[in-house]
Amino acid sequence: MSKEHPWEDGGEILAIQSRQIDYTKPLPGTYLTTGIRAQRGYRLGKFCMTLMAPDNRELFKADAEKYMRDFGLTDYEKELVRSKNWNRMLRYGVNTFMILKLSNAMGVSQNHTGAGMRNQSYEDFMATRNSKGAQ
Amino acid sequence: MSKEHPWEDGGEILAIQSRQIDYTKPLPGTYLTTGIRAQRGYRLGKFCMTLMAPDNRELFKADAEKYMRDFGLTDYEKELVRSKNWNRMLRYGVNTFMILKLSNAMGVSQNHTGAGMRNQSYEDFMATRNSKGAQ
Amino acid sequence: MARIIGGLGSPHAPSIGTATDKDQEQSPEWKPLFDGYAPIRQWLDVQKPDLILMIYNDHANTFFFDKYPTFAISVAAEHEIADEGWGKRPLEPIPGNPQIAWQLAHSLVDQEFDMAVCQEMPLDHGCLTPMSCFFPPAKRWDVPLIPICVNVLQPPIPTAMRCFKLGQAIRKAVEAMPQDLRIVIAGTGGLTHQLGGERYGHTNTEWDQKILDLMETDPLALANMTHQELMERGGAEGVEIIMWLVMRGALSPKVDCIHRNYYLPMVTGFAQVIYEEPDNRRRNSGDAA
Amino acid sequence: MARIIGGLGSPHAPSIGTATDKDQEQSPEWKPLFDGYAPIRQWLDVQKPDLILMIYNDHANTFFFDKYPTFAISVAAEHEIADEGWGKRPLEPIPGNPQIAWQLAHSLVDQEFDMAVCQEMPLDHGCLTPMSCFFPPAKRWDVPLIPICVNVLQPPIPTAMRCFKLGQAIRKAVEAMPQDLRIVIAGTGGLTHQLGGERYGHTNTEWDQKILDLMETDPLALANMTHQELMERGGAEGVEIIMWLVMRGALSPKVDCIHRNYYLPMVTGFAQVIYEEPDNRRRNSGDAA
Ligand SMILES: [Fe+3]
Ligand SMILES: [Fe+3]
């Protein structure tokens, strides 16, 4: 486990008591963004939201480094974006639907993003599906 | 009663049933913004909200007509703003707290606005108060 | 008196809207899904409701986490099409019904539901997908819409039971309205899916079929489940079925399920239903006085 | 275990904040008001609470009617000072307590309160006035703040009873927290005032005194009143006292009112109270084991 970034290994326990979700027993491969995780990921999530605007997407595509710097991402956050490691972003605290806005702006389709999250090639992932057309 | 603008006389009945407020018996001199009244006043209320920004207040003070035109107020709404008739604005559907943003931008203090709503001079209104300093 | 004549269930995946816009509804991959909309379109055509109440969720297009409501209701006269980051769908803005919506908002808040009340609510695929599936191009937009938005994106999200109770409160509100209105309520989203993490693409057809059984005959069994149970079986985003429970809560304990369809092509269990109010069936068949 | 040690009541008029910023607290006109804060400042100094829960209302500075929540809670780490249209007050941003706030949000939503959850919530005079009155410059900001915002601006607004129940739910949430925290809850706004229409400047001292009596000894009598009754007596904006009922609902049925002050200089009946939890008094006087 990374001492500096204790969320990296995915075993982070959120300090929330709830009748609805047992945060001490997280579902495997699932990272609900709430509590400290949501707080940590807020800036990067907000960054992803800016990519809904066409003009911003153009700026990002033209010079991602400048775009990230201008927004004020931390070095760690910039590295996360560059890595296209969607699961790391989820663990950091970026909500799934923010990530889909980022991956879209990076030209990665939803199911390519998903295959990446599953640590599979797109083809291997698609081979597990019933119908390849209806996506 | 104005046929074209049936809300003008203040006797408008909002078609809302509620356990909390009897909209068929409006409190005299009181115009709650909800329902059709809130819908009607929405654009003008949004206009007032823009005057929270210092730059916008400067533009408005420099050329109110241009500012209103650029925002897209209707002729009726422009006339309402020019009139400084706060009660008419309330009846039209502009919430009290939007009006305070507009009157502030027009250089009218809250208690001057209030005296106007009471159809009193500022001095006559202040004579009804316990303490003139704590305002 | 206004009344609810029936409930619809529908998925709301954006890919379905794209298929519609690209004229792919009859392609081999999409036909099994759109065949499931044919009876819904026909039913709506016959019933001619005066209003659709759409229970849907925003996907961070209308709301952001700076201020995320648990429940929101639109009182807008017209609903813009949201740009989610890949351009707006080619749809006209959808008319609302402010008078009924304000009344509904008042009644729900009086009944202790803490709604965010929205005079502007651009709509994303959560609402647009079912609308464009219910109403083919020639029928857009004959029927006005009141969207009710539920947070299923970021915990704390409302309990399944709270959603069921919201449906019950909506029914109470509708039945107190003096207008002669025939209203359809729709629950959207689900069924099984998960879009984030190593568990991306989790599906569970058996559970989906069980949901459809319980939704019809024993919705309280679903309403009593925790989010944890729902997510464990149906995936993190599978919790969206709490929006179907709002629809179900607005209907009679016993409904006539006159249509049910299921198709799981890729990552989401798509299901459609029509639950007709028994009272409405009787009226239409001439049995009622 | 976390616990609520007492409740405060305070007006929140912006003019009070201006008096503070202009160093007019001891002017003849303002002294009768600020004398009422002296016992509160002293009590807070002695009690040293770990957290303030502030029940306040936004005045269309943080939220607009495009999307207006009934109840909102801040989970932010820091709260910006809002510019209401006449420049920001010269105050530093106020720290929150995200860990406790997220826990509170979860607990309230689990208890069927449909909160809007806010990761950014700039604060207006509704919250800033009491904060700067409770904590003079040397004490800013020693105690973190969780603001809870109530719609009193545009109907439908929550019923008085719903607000009282929100207070009860907050208490339940606090008492389930394992942390050893001593929490103060404050209700703000009111008493009698009306800022719009020919009835501008309506005041009612007799009713204000009655509110203060009932708030202490029979809050359910207030909770059972309709908005119409409250507005008729206390003016349209006098309905703000439903925020005091949230505070009161979070306290024991019997409280020790150790301070009460009233002053009506211009258009608003200003009142301050300290309601101490009997349990807290016993602990401090050494009676408790
Ligand atoms: Fe969805
Ligand atoms: Fe206020």
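Chain letters run A, B, ... following the sequence lines, proteins first, then strands; residues in each count from 1.
In this structure, chain C has heavy atoms under 4.5 Å from both the backbone and the side chain of Ile21(A). Looking at Ala19(C), there are no atoms closer than 4.5 Å to chain A (heavy atoms on both sides), in backbone or side chain. Gln110(A) touches chain C through backbone and side chain together, each having a heavy atom under 4.5 Å away. Heavy-atom distances place the side chain of Arg57(A), and not its backbone, under 4.5 Å from chain C. Neither the backbone nor the side chain of Phe270(C) comes within contact range of chain A; no heavy atoms are under 4.5 Å apart. Looking at Gln194(C), the atoms closer than 4.5 Å to chain A (heavy atoms on both sides) all sit in the side chain, from C-beta outward. Contacts of Pro54(A) with chain C are made by side-chain atoms alone, with heavy-atom separations under 4.5 Å and no backbone atom involved. Contacts of Gln24(C) with chain A are absent, with no heavy-atom separation under 4.5 Å from either backbone or side chain. At a 4.5 Å heavy-atom cutoff, the contact between Thr96(A) and chain C is made by side-chain atoms alone. Heavy atoms of Met98(A) lying under 4.5 Å from chain C belong exclusively to its side chain.
Of the charged side-chain nitrogens involved, none lies within less than 4.0 Å of a carboxylate oxygen, so that Glu8(A) and Arg91(A) do not count as a salt-bridged pair. The pair Glu232(C)-Lys25(A) does not meet the salt-bridge criterion, since no charged nitrogen lies less than 4.0 angstrom from a carboxylate oxygen.
For a heavy-atom cut-off of 4.5 Å, chain A lies close to Gly197(C), Glu198(C), Arg199(C), Tyr200(C), Gly201(C), Thr203(C) in residues 197-205 of chain C. Residues of residues 60-76 of chain A lying under 4.5 angstrom from chain C, judged on non-hydrogen atoms, do not exist.
A donor-acceptor contact closer than 3.5 angstrom is absent between the side chains of Gln154(C) and Arg37(A). There is a side-chain donor-acceptor pair under 3.5 Å between His12(C) and Glu240(C). A donor-acceptor pair shorter than 3.5 Å can be found between the side chains of His125(C) and Glu84(C). Glu25(C) and Thr20(C) share a side-chain donor-acceptor pair at under 3.5 Å. Defined by atom type and a distance below 3.5 Å, a donor-acceptor pair is present between the side-chain atoms of Asp208(C) and Tyr262(C). Judged by distance alone, the side chains of Asp22(A) and Thr24(A) do bring a donor and an acceptor atom under 3.5 Å apart. Between the side chains of Arg162(C) and Thr70(C), no donor N or O sits under 3.5 Å from an acceptor N or O. Counting only N and O atoms by type, the side chains of Tyr23(A) and Thr34(A) include no donor and acceptor under 3.5 Å apart.
With Ile55(C) as the fixed residue, the side chain to side chain contact (heavy atoms under 4.5 Å, CB included) test singles out one of Thr188(C), Val246(C), Ile242(C), Leu166(C): Val246(C).
Rounding to the nearest 0.5 Å gives a distance of 4.5 Å between CD1 of Ile73(C) and CD1 of Ile148(C).
Between chain C and the residues Leu32(A), Ile16(A), Asn95(A), Asn119(A), the largest count of heavy-atom pairs under 4.5 Å involves Asn95(A).
At most 12 heavy atoms of other shown residues, nucleotides or ligands fall within 6.0 angstrom of atom NZ in Lys210(C).
Remark: aromatic rings of Phe65(C) and Tyr68(C) are close, center separation under 6.0 Å.
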query = Can you check salt bridge (Lys or Arg N to Asp or Glu O under 4.0 Å) on Glu79(A) and Arg88(A), steps first, answer last?
reply = CA-CA 11 Å; Glu79(A) 208 274 295; Arg88(A) 274 182 74 204; 3.5 Å; yes

